[in-house]
Amino acid sequence: MGVCISLSISKAVTPQEWQEVYEEALCLAKELNLAMRKEVRIQGIDTICLVPVDEFEQTYGWNNEHMRYLWSVDGDYLYMRTAESFSMPRDLVKQETVDPDAGDAMISNLPEYLDYPWDDSKFDNAYCLWGGKTQGEPYHMYLLAIACFIEAKLGTKAFVSGDITRDQCKRAVAIANQFLKKPIDMPDRCCMERFWKRVSVLPFAEEEKLEIFRSFYLGIKGAEFGAFMRKVYSEETIDTAWKKEFHHIKIGTIGFSNSFSAYMLQGFDLQKLCEFVQFKDGEEETEEQYEAFVKQIMDAKLHIPEKNCEDIWKTDQEVETPYGIDFFIHQFCHSTSGNEKVNRYIPLEEIRMALLMGIGEKCDVNRIIDTYLETEAKERNTSSEENFLVYEPGQAEKKEHYDIIRIDELQFYETGSTITPSIKKAIGKLIRFSEDTLKEDTYKKLMEEKPQKRKEWMIRQNRSILIRGKDWEKIFWDIETDDKSFARYYPMVRIKITDSTWEIVKALLINDELYEYSKELAEQYAEEAAGSAPV
């Protein structure tokens, strides 16, 4: 599992179309400060590091008999955060492989959502360029910006998918447009009307088109989305889709809760829902399942108008809180009984009537609802103090007091910058521990060697540090010109670097001002550094 970006290119794309897109995408990648992992010779030493993205030659085949040009991205050049590689070959398309009838690149993504096997030839219509994990690292947005550009350029001959959202696409397009001569719009998936038109011409049955539209649309799938579906698809088609969705999910499961919330948010009929839900527990229908269904509906707080939520918290004497009443309204109206409130209002008597008409013959709907309402009334009078206790100030509030509130900001530290106490403590403890490594015999022996030997040892010893070539050049220069500097760099390749310490280690390696300040922090937290870290 992970955060991924996928890019499909239809086999209908011509070499000329691809060459133009390839060149512009490479230029955009350079503008976005993307980086690739590369072995570079620095001061006579072959060093694995990050360098700005650029096109390079690559040989392949059993005997490396073939050669191609491509560019590849492993992370970003600013934060130096990496995950998996994403590459783009110049010669992706050859004239003899062009298929003018290949169709929409989206088709290659459909087997997962439709009842077709993956090896069905009709879905083999596109080149699947990407699909790796960005893990949400900074370069995720830059790669998405490039993918959005390619889709805008090639139209239906390109399709971007993966773990992306409409908001991400909006930001990615804004990023790309800073550098593009001709601004682009968001992908089709972000616009209901435009995406529906794209889906409507696909060579699939109407019910399948609806499933594609529902599955791939990026945006809020609420009342407006539901109204649009009812406008462009028949009632029969929509009913078939919901019946199929609810057929294999059990009341009380996360899957049921998600589908139920979507159904209600999109404004569909509550009484009709009773026809779609499966009330079986095993082979038999049980009254417990019907009761659980009614409770699920009541837990969604459909009967409480959003504007009346504040009434729940009104008391004879107002509670003073730095967070305001809105915080508690949100806590109650959007997090009740472990379920999210569905942001839709249906009068209580309308809910009661719909359930009586739908399942009234199967269970005592009135009794279940009335019992629920009695319990709900008691909960309204429950103290809200627990919510005060779990609240923690957000990043915006911390930013008012500190310049650096996240460890990935440490590399930009300047003398005088304020840092949160927890991060300062982490730096101080790491420095105190790293000083112990200077007692090792290896360090003492290396200090007797020439600077070049120390630099070579750094590269051989390094297992976890991936920084830029220019950073290694600076480190090597320090070691060459100042013997004392090795005490700074030696520990960084001796300690075990974890996700929580990498940002600190990186910042200490590349930021001279932070390193000088870290010495002060090491003294401040000397007593707290008594614990040990793995070596």
Side-chain angles (χ1 to χ4, degrees), residues 1-13 17-38 50 53-56 58 60 68-77 81-94 97 102-113 118 123-166 168-169 171-173 175-176 184 186-190 215-216 218:
M1 299 296 289
V3 180
C4 304
I5 289 182
S6 297
L7 179 62
S8 302
I9 305 297
S10 172
K11 292 179 180 178
V13 167
E17 289 174 324
W18 180 248
Q19 283 295 315
E20 185 177 345
V21 165
Y22 173 88
E23 294 285 357
E24 292 187 61
L26 175 56
C27 290
L28 184 55
K30 291 178 179 179
E31 293 283 5
L32 295 174
N33 282 320
L34 288 168
M36 59 185 288
R37 188 192 310 258
K38 187 178 182 181
L50 287 175
V53 65
D54 203 353
E55 186 178 59
F56 62 93
Q58 183 184 70
Y60 64 99
R68 63 177 179 173
Y69 290 93
L70 70 155
W71 56 266
S72 183
V73 172
D74 295 286
D76 74 291
Y77 199 65
R81 300 287 302 188
T82 62
E84 295 184 350
S85 295
F86 291 76
S87 60
M88 188 166 287
R90 176 183 284 274
D91 61 348
L92 175 71
V93 180
K94 294 181 173 58
T97 61
D104 197 312
M106 174 171 43
I107 292 174
S108 65
N109 292 257
L110 300 184
E112 182 179 355
Y113 300 89
W118 272 104
F123 301 103
D124 184 24
N125 76 319
Y127 306 100
C128 298
L129 275 188
W130 295 346
K133 299 175 183 177
T134 65
Q135 303 299 40
E137 297 292 358
Y139 78 133
H140 175 96
M141 290 302 302
Y142 302 138
L143 286 170
L144 182 57
I146 293 172
C148 288
F149 158 72
I150 292 174
E151 183 169 326
K153 190 79 174 178
L154 295 178
T156 60
K157 293 181 181 180
F159 187 70
V160 57
S161 58
D163 300 304
I164 60 176
T165 65
R166 186 181 190 280
Q168 285 183 359
C169 289
R171 287 185 284 135
V173 165
I175 291 170
I184 61 172
M186 288 192 291
D188 292 337
R189 295 177 63 189
C190 300
S215 298
F216 284 98
L218 289 179

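When reading the values below, keep in mind they use all heavy atoms of this one structure, side chains included, and skip hydrogens, waters and symmetry mates. Worth saying up front: this structure is predicted, and the values here are computed from it rather than measured.
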| task | Measure the shortest side-chain to side-chain distance between Arg189 and Ile164 over non-hydrogen atoms and say whether it is less than 4.5 angstrom. | result | yes
| Distance (rounded to the nearest 0.5 Å) between Leu92 CG and Thr97 OG1 | 8.0 Å
| request: Keeping to residues at least two apart or across chains, list the salt bridge (Lys or Arg N to Asp or Glu O under 4.0 Å) pairs with something in residues 137-146. | output: Arg81-Glu137
| said: Can you give me the closest heavy-atom contact between Met88 and Leu129, atom names plus distance? | reply: CE-CD1, 3.9 Å
| request: Using a 4.5 Å cut-off on heavy atoms from C-beta on, say whether the side chain of Leu143 contacts that of Trp130. | output: yes
| query | Is it true that a side-chain atom of Glu55 and a backbone atom of Leu70 form a donor plus acceptor pair closer than 3.5 Å? | reply | no
| note | Shortest non-hydrogen pair, Ser108 vs Trp118, comes out as O-CZ3, 3.8 Å
| task | Would you name the heavy atoms of Val160 and Ala147 that are closest together and state the gap between them? | result | CG2-CB, 3.6 Å
| note | Nearest heavy-atom contact between Lys133 and Cys4 is CG-SG, 3.7 Å
| field | Any donor-acceptor N or O pair under 3.5 Å, side chains Asn109, Ser8 | value | yes
| query | Less than 4.5 Å apart, any side-chain heavy atom of Glu17 and any of Val93? | reply | no
| field | Shortest non-hydrogen contact between Asp163 and His140, atoms and distance | value | O-CE1, 3.6 Å
| said: Going by the rule side-chain contact (heavy atoms from CB on, under 4.5 Å), which residues pair with Arg171 if we only count those two or more places apart in sequence or in a different chain? | reply: Met141, Asp167, Gln168
| query | Quick check: does any side chain N or O of Asn125 sit under 3.5 Å from a backbone N or O of Asp104, one acting as donor and the other as acceptor? | reply | yes
| task | Anything under 30° is parallel, anything over 60° is perpendicular, the rest tilted; go ahead and classify Phe86 against Tyr139. | result | perpendicular
| request: Only counting residues at least two apart or in another chain, list the ones meeting side-chain contact (heavy atoms from CB on, under 4.5 Å) with Glu24. | output: Glu20, Phe149, Lys153
| said: Within the structure provided, determine whether Tyr60 and Arg68 are in side-chain contact (heavy-atom separation under 4.5 Å). | reply: yes
| said: So, using salt bridge (charged side-chain N to carboxylate O under 4.0 Å, His left out) as the criterion, who are the partners of Lys11 when residues are at least two apart? | reply: Asp124
| task | List for me each residue that meets side chain to side chain donor-acceptor pair (under 3.5 Å) alongside Asp54, sequence neighbours excluded, and say none if there are none. | result | Lys30
| task | Taking the side chain as every heavy atom from C-beta outward, state whether Ile184 and Val173 have any pair of such atoms under 4.5 Å apart. | result | yes
| Going by heavy atoms in the side chains, are Phe56 and Ser72 under 4.5 Å from each other? | yes
| query | What pairs with Ala158 under side-chain contact (heavy atoms from CB on, under 4.5 Å), at least two apart in sequence or on another chain? | reply | Ile9, Ile150, Glu151, Leu154
| Could you state the interatomic distance from CD (Glu23) to CG (Leu28), rounded to the nearest 0.5 Å? | 13.0 Å
| Phe216/Leu110 under side-chain contact (heavy atoms from CB on, under 4.5 Å): CA gap, chis, key distance, verdict | CA-CA 10 Å; Phe216 284 98; Leu110 300 184; 3.5 Å; yes
| field | Closest heavy-atom pair and its distance - Ile146, Leu34 | value | CD1-CD1, 3.6 Å
| said: Is any side-chain heavy atom of Trp18 closer than 4.5 Å to one of Arg90? | reply: no
| query | Are Cys169 and Leu218 close enough that some pair of their side-chain heavy atoms sits under 4.5 Å apart? | reply | yes
| field | Inter-residue atom distance Arg37.CZ - Leu50.CG, 0.5 Å rounding | value | 7.0 Å
| message | Treating Asp76 as the side-chain partner and Pro138 as the backbone partner, does any N or O pair qualify as donor plus acceptor under 3.5 Å? | response | no
